[in-house]
Every structure is written in structure tokens, then in C-alpha cells.
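See below for the structure under consideration.
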Amino acid sequence: MYKTVAEKLKISSFNQPIDKISSIDCIWIPLFSGKNVAKMTSVATSVNNFSQKAIERVLKSGDFTGKLGETLLLREVVGVKAKKILLVGLGEESSLDGKAFARAVCAAVSITAESLSIKKALSFLTQVKVKGRDNEWLTRTHVSETLRMLYKFEIFKTEQRAQGAAKGEKSHSDNIALKSLQISSPKNMSVAEFSRSIRSGICLANGVELTRDLGNLPPNVCTPGYIRDVAKRLARETSLKCEIFDRKKLEKLKMGSFLAVAQGSAQPPYMIVLSHNGGKAREAPIVLVGKGITFDSGGISIKPSAAMDEMKYDMCGAATVVGLMKTVAQSGIKKNVIGVVVTCENMPSGTATRPGDIVNSKSGRTIEILNTDAEGRLILCDALTYVERYKPKAVIDVATLTGACVIALGGVNTGLFSADNQLASALIDAGQKSLDPAWRLPLEEDYQELINSPFADVANVGGREAGSVTAACFLWRFAKNYPWAHLDIAGTAWLSGSKKNATGRPVPLLWEFISEY
Ligand code: BES
Ligand code: MN
Ligand code: ZN
């Protein structure tokens, strides 16, 4: 959409020994923490040897202990061709796992980005062994974490706009000083495999970034029509197929529950279908369904004002699906993947649904809308019925569905609901592998009675108890005809408060899942 971080920072491979470096502003050297002093890695030992023991002297001084995430910038070290050396702490060698590795990369990126004079960096962080992770993972994660760390959403800052305009660019220009990062090839990795892994990290980062951009955009810009246009443009630029369903077509499809949510808004609703046909024609697709409420005021059951602005993020499920489809398309994965987005705005008005309204869902079942703020499930249920036509291998919906999920799991884990144990454990594994974790919560018939309605087939809310579970149970009633899982990302899709920002989660989890399933 805008210039991506990967377009501003060129990431490439370095396949030579450490003494062959030239014209580099900064090299990143990993060190472990030891009993009293930091512990050398093999790269650190090499640098030490041709720098008249410069590293050893620093370690003896006690200025750097090697603890995880610690950094120290050294200038003009004799015998080293790079202008600066950044020592990067990995913590104890025996506890270096994937999460610790990612933390070290992030620390190196953020300290490097602070120094405006570093334009070209070279990382040797890939020269270590990480528990339970292979070289491919190490490379990919180094790349995607680097790009994620450098992401800034500044298109509405006048200064950035002016700088971009001066260079003839449409939007924010070079707000990143670092222009090139070379990553040294891990031992025992072929040149081809290494550059494939770098490329794979870039594909993931590009998807995450699109998801974050869409989430961060203000709700007066990121309307349902805007998401439709982004999806169309993405399809034009890649091999994706894009189908758009406007109000008329949604009426034809009898998506009465979805349309009921949209009817209070001046913004027209859309269902968007992006398809990637990378697999055999008859292979069952993996289908993703995203909640795209571009602003959730609550409708007539209006929300309190505090932090209501954050309800612009209520389309993060849709943003996840669109971003993920970008990664899917760019990677060229040989599988069939379909992304479905249902997007509208939830507003109070004279035409809005009222508490007590009974609507007809696409499934033929009636829904009593007791609370217009429980709108996510109302738009998703019709999409879940719609996707039956694909005879999917699995359907996963992604939604900022319940405040209760934020209370239960906070911003650490995405809530995962599924009656399919195999699918659930594949998603949990994918979350662990991608450092984008999910935690399984119960989905059981015993909760269903909480959403029985005296007048319609189902009510759209239960009581205060088990709010995330009853929301999942509602969706479950519409997802009986294929293996299905529901991801509640209300706590993980964005950060609140002073660090307010979309996270791009759970794109990494879902990309890992699609790659493996
Ligand atoms: N989009 C909200 C859920 C939400 C709230 C996500 C706060 C992140 C932070 C959803 O549409 C909603 O309003 N859910 C209600 C359901 C309730 C009325 C049963 C909720 O969680 O309060
Ligand atoms: Mn709501
Ligand atoms: Zn909502």
C-alpha cells in the first residue's frame, strides 16, 4: 500500500568469511553471558583475534556482560574494517531458544536504528546454535523480526509527508536511516537455501506490514470500500483472484444477519473473496474468514466513550486475512488458500438494528439480536455458511470478537477454539513455532444453552459469564459442515495506550499453519 520496510531496507546474504567485509558501517557480533564475564562465540573470537584482543578488553572492563538483549556499540576498533561493532548479548548459551534469539535481533535492530550514521549493517547473529530451531527458521526470523522492528506508521505526520513529497513520492519516504542489512550465512546452509529463507522472511514481513497498515489507518479512511480497493489492488499486483460482493449481491446470497449489522451505517458493506490457486484444482482449500468491522461504536447498544477510538481496530481479522493473502501470493505456495473478508461499520442511526430485532441468517436460522454490540458473530455466521461451498479442508475465522478474551488472556495469547483436536494442535504448534502463540479455550455443547432464545433459533449474546466461549459457541452452530477453528484476537491484534499500534498478529501463526498443514 505504502512503501514497505523491505523496499526501504535491502536485506541480502553475506556468504563470505568475516575478514572479507568491506564498506560496512556496523557489524553485529553475538556473545553469551558467562559466570563473571561474557562468553565468546566463534565470530567474537575471530574479531578478537584480528583486533588486537579488543573484545577481550571490553569484556574485562565489565561494560558488557552478554545478558539477553544487552548491546554495546564500539567505535573505531583497530584491525576491523567496519566503522562500528555492535556487541549483542544472547544470554546463557544453554537457554538460547527461538524467543531469546528473536529478542536479541530486536535489540540489535533498535539500537542500530537509533544511530543515524549507520546505513549499512552486517549481522553475524545467525552464527549461533538455537535450541530446537534450524538454520532456515533462524534466517527467516532474523529477517522478519528486523523488518517488523523498523515499521513505523507515519503517513499522517506532516513532516514525513513533506519529505516524501520533496522526493516526488506519494507517501512517507525514507524514515529509516538503515539502508542495507547483510546477514551472514549460517554454517552448513547452501547459498540457494539461504537466499530462499531470506525471501521467505520478507514475504511474511510484507503480509504482517499490510495487516498493520490497515489496522492503524483511521476509520474515516479505512472504510469497507477502502478494504475492497486494497484487496482489488493486491489481486492486480499478484496472482490472486478477487471477487467483490456488494449489498445487492449480499441480498441475493440471503446474508440477512450480516446486512442487519451494516444497515445503520452510511458506508456500504462488502464481502471480499481472495483466492490463491497454488495447489491442484481438486485439492480442498484452507479457508480463512476475517471480521472487518471498520468501526465498532456498538450500534444502538452503544459503547462507553473511553478508548472507543480503538474500535477502529475491529477490522483486524479482515486485515489479517488480506495481509496473509499477500504473503501467500508472494510466496507462491503450492496450496489452495481462500481468504474471505466480511466488512461493514457498526453504527447507531435511525436505520440501525434495535435490541430485540430478529433477523434471518444465510443458514436459514433466525437470530434474536439482544445486543447490537455483539455484531462480529452476526457478520461472521453468514460468511461461515457461505464458505461451505468450497468443501474446505479447514476453515479458520479470525476476529476481534470479545472483550472477555482480553480479560482472560491479555495481549500474550490469541484465544483458540475448536472441536477438532488435530486442527487445534496444528494451530497451537504453528503459534509456538512462529512466536505468535495461541491458547486453547473450551468449546463444549454444555455452554450452548446460554445463547438459547425464547423467540428465535439463537440469541446473539449469553450473559456475562464465559463471554468468549458463548461467542465461539454461536459461531460453532454455523460451522458444523467442515473442520473449523476460531481465533479470538481481541487482545493480540493491537497494543493499547502509549504504544498504540497494530501488531500484525496472527499473520505469523497462520502463515506457519498454512505452510505445514
Ligand atoms: N469488537 C468488540 C470486542 C472487543 C472489545 C475487542 C474490546 C477488543 C476490545 C465486539 O464487537 C464486542 O463489542 N463484543 C462485546 C460482546 C458483548 C456485547 C456480549 C464485548 O466483548 O463486550
Ligand atoms: Mn461490538
Ligand atoms: Zn466488534
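Here the structure is a predicted model, which is why all the values come from computation and not from measurement. Just so you know, ligand 1 is whichever comes first in the structure, and atom 1 is the first atom listed for that ligand.
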Nearest to the Mn ion (ligand 2) - the N/O/S atom of E375, by atom name:
OE1
Can you sort out which atoms of ligand 1 are near E375, meaning under 4.0 Å from one of its heavy atoms?
11 (O)
State if F474 counts as touching ligand 1 under the rule of any non-hydrogen atom under 4.0 Å.
no
Protein contact of atom 20 (C) of ligand 1 - nearest heavy atom, named by residue and atom, plus distance:
G403 N, 3.9 Å
Please determine if E145 and R103 form a salt bridge, counting it only when a charged side-chain N lies under 4.0 Å from a carboxylate O.
no
Tell me, please, if D373 has any N/O/S atom, main chain or side chain, under 2.8 Å from the Mn ion (ligand 2)?
yes
Hey, is M311 touching ligand 1 through its side chain, its backbone, both or neither, going by heavy atoms under 4.0 Å?
side chain
Confirm or rule out an N/O/S atom of E375, from backbone or side chain, lying less than 2.8 Å from the Zn ion (ligand 3).
yes
Atom 22 (O) of ligand 1 protein-contacted (non-hydrogen atom, under 4.0 angstrom):
no
Test E512 against S434 for side chain to side chain donor-acceptor pair (under 3.5 Å), laying out the working first.
CA-CA 6 Å; E512 185 64 45; S434 60; 5.6 Å; no
Relative to the ring of Y390, is the ring of Y386 parallel (under 30°), tilted (30 to 60°) or perpendicular (over 60°)?
perpendicular
Classify the contact between D296 and ligand 1 as side chain, backbone, both or neither, using a heavy-atom distance cut-off of under 4.0 Å.
side chain
Check each heavy atom of M315 against ligand 1 and say whether those closer than 4.0 Å belong to the side chain, the backbone, both or neither.
neither
When you measure from the Mn ion (ligand 2) to each N, O or S atom of D296, which atom gives the shortest distance?
OD2
The closest protein heavy-atom partner of atom 6 (C) of ligand 1 is A490 CB, 3.5 Å
Should one rank L401, L370, T470, V406 by closest heavy-atom distance to atom 3 (C) of ligand 1, which comes out on top?
L401
For T402, check side-chain contact (heavy atoms from CB on, under 4.5 Å) against everything at least two apart and list the hits.
R377, A404, C405, S468, A471, D488
For ligand 1, which atoms, with element, lie under 4.0 Å from some heavy atom of V461?
19 (C)
Residues 434-462 vs salt bridge (Lys or Arg N to Asp or Glu O under 4.0 Å), sequence neighbours excluded, gives D436-R505, E445-K480
